[in-house]
Amino acid sequence: LVAGNLWAVHSVIPTVATRLAMTGRGSAEVRFSGTPLHPRVSASLDADDLTVMGSPVPRLNGEITIADGVLRVGRLQMLTRTGALSMEGQVALTEATTNDFTASWNRVDGGAFLPLAGALAGVAIPLNGGVVDGSLAAQGRWSEVVADLRLRGERMRLVREPLSGVDLN
């Protein structure tokens with residue numbers, strides 16, 4: 001599957017991905033296997049010059065597999081204008097499956113990262129701008145997830161008020 005514009009394939013990607021309002025050019029090699037009762041979809045992703053929720057993302061690449069109620073991520077990497085975000089591991093897609101993933105970000109453009117984090121978490125984040133460093137590790141079912149979040153933001157704004165720094169641990 002090669003799409004000239006990622007929006008052209010929005011009807012076949014998960015709902016959370018449509019909230020990201022991605023546009024740009026990219027390619028994906030998609031492999032289908034398994035049985036009707038236990039389907040498996042694997043994909044290799046490679047995209048350049050994207051926008052995610054209106055913010056530039058110069059590069060996105062990685063490997064994903066969806067099977068048995070989990071999304072397995074094999075080193076997904078997103079480059080922003082100022083830094084990079086990476087993720088790997090297993091994300092639960094049902095309450096019966098478990099999470100075991102890590103994500104890290106280094107000098108990521110807050111204009112790209114904060115709306116993305118808010119869309120994925122389903123919450124409004126009143127911060128904007130600046131750059132963000134940090135990591136997230138999560139294990140367990142969503143109802144009992146154990147997570148370790150570390151976040152450091154510089155030169156951000158809380159609504160319109162400038163902040164020299166934000167630390168969450």
Side-chain angles (χ1 to χ4, degrees), residues 6-7 9-22 28 30-45 47 50 52-55 57 60-80 83-128 130-153 156 158-159 163 165-169:
L6 292 177
W7 185 250
V9 296
H10 79 280
S11 65
V12 297
I13 56 179
T15 303
V16 70
T18 60
R19 280 188 257 152
L20 302 180
M22 294 175 66
V30 181
R31 298 166 299 282
F32 300 94
S33 61
T35 67
L37 291 177
H38 301 285
R40 178 183 183 96
V41 178
S42 300
S44 299
L45 310 170
L50 299 175
V52 176
M53 300 183 76
S55 293
V57 174
L60 175 71
N61 66 345
E63 300 279 330
I64 62 169
T65 300
I66 300 172
D68 302 320
V70 297
L71 167 66
R72 288 181 181 82
V73 179
R75 188 75 177 154
L76 186 66
Q77 185 172 26
M78 180 178 92
L79 299 179
T80 70
L85 179 142
S86 64
M87 180 182 175
E88 58 189 326
Q90 174 176 300
V91 180
L93 299 177
T94 69
E95 182 51 42
T97 56
T98 59
N99 293 291
D100 187 10
F101 67 86
T102 59
S104 63
W105 44 94
N106 184 13
R107 307 296 299 166
V108 173
D109 174 17
F113 178 81
L114 295 166
L116 173 63
L120 294 175
V123 297
I125 299 175
L127 299 170
N128 57 66
V131 293
V132 183
D133 294 303
S135 63
L136 171 65
Q139 290 83 33
R141 294 181 179 179
W142 284 117
S143 60
E144 305 167 339
V145 72
V146 175
D148 180 18
L149 171 65
R150 299 171 192 279
L151 183 116
R152 168 85 179 134
M156 304 176 95
L158 176 61
V159 186
L163 303 172
V166 175
D167 284 299
L168 296 173
N169 290 311

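Basis for what follows: all heavy atoms, side chains included, without hydrogens, waters or symmetry-related copies. Along the sequence shown, residues carry numbers from 1.
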**Message:** Apply side chain to side chain donor-acceptor pair (under 3.5 Å) to residues T65 and S42 and explain how you reach the verdict.
**Reply:** CA-CA 4 Å; T65 300; S42 300; 3.3 Å; yes
Kindly give the heavy-atom pair with the smallest separation between [X] and [Y], and that separation in Å.
X	Y	value
T102	A137	CG2-CB, 4.0 Å
S44	E63	OG-OE2, 2.7 Å
A84	L79	CB-CD2, 3.5 Å
R75	S86	NH1-OG, 3.1 Å
S143	E95	OG-OE2, 2.6 Å

At what distance, to the nearest 0.5 angstrom, does [atom1] of [X] lie from [atom2] of [Y]?
X	Y	atom1	atom2	answer
D133	L85	CG	CG	11.5 Å
D148	L136	CG	CG	8.0 Å
L71	M87	CG	CE	6.5 Å
Q77	L60	CD	CG	9.0 Å
R72	Q90	CZ	CD	5.0 Å
L149	L168	CG	CG	6.5 Å

Would you say [X] and [Y] make side-chain contact, with heavy atoms under 4.5 Å?
X	Y	answer
W142	L93	no
Q139	T98	no
N99	V70	no
L127	V132	no
L50	M78	no
N61	L45	no
T80	F113	no

**Prompt:** Can you tell me if N128 uses its side chain to pair, donor with acceptor, with the backbone of V159 under 3.5 Å?
**Reply:**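 Yes, because the side chain of N128 sits within donor-acceptor range (under 3.5 Å) of the backbone of V159.
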**Prompt:** When you look at CZ of R152, are more than 12 heavy atoms from neighbouring residues, nucleotides or ligands closer to it than 6.0 Å?
**Reply:** yes
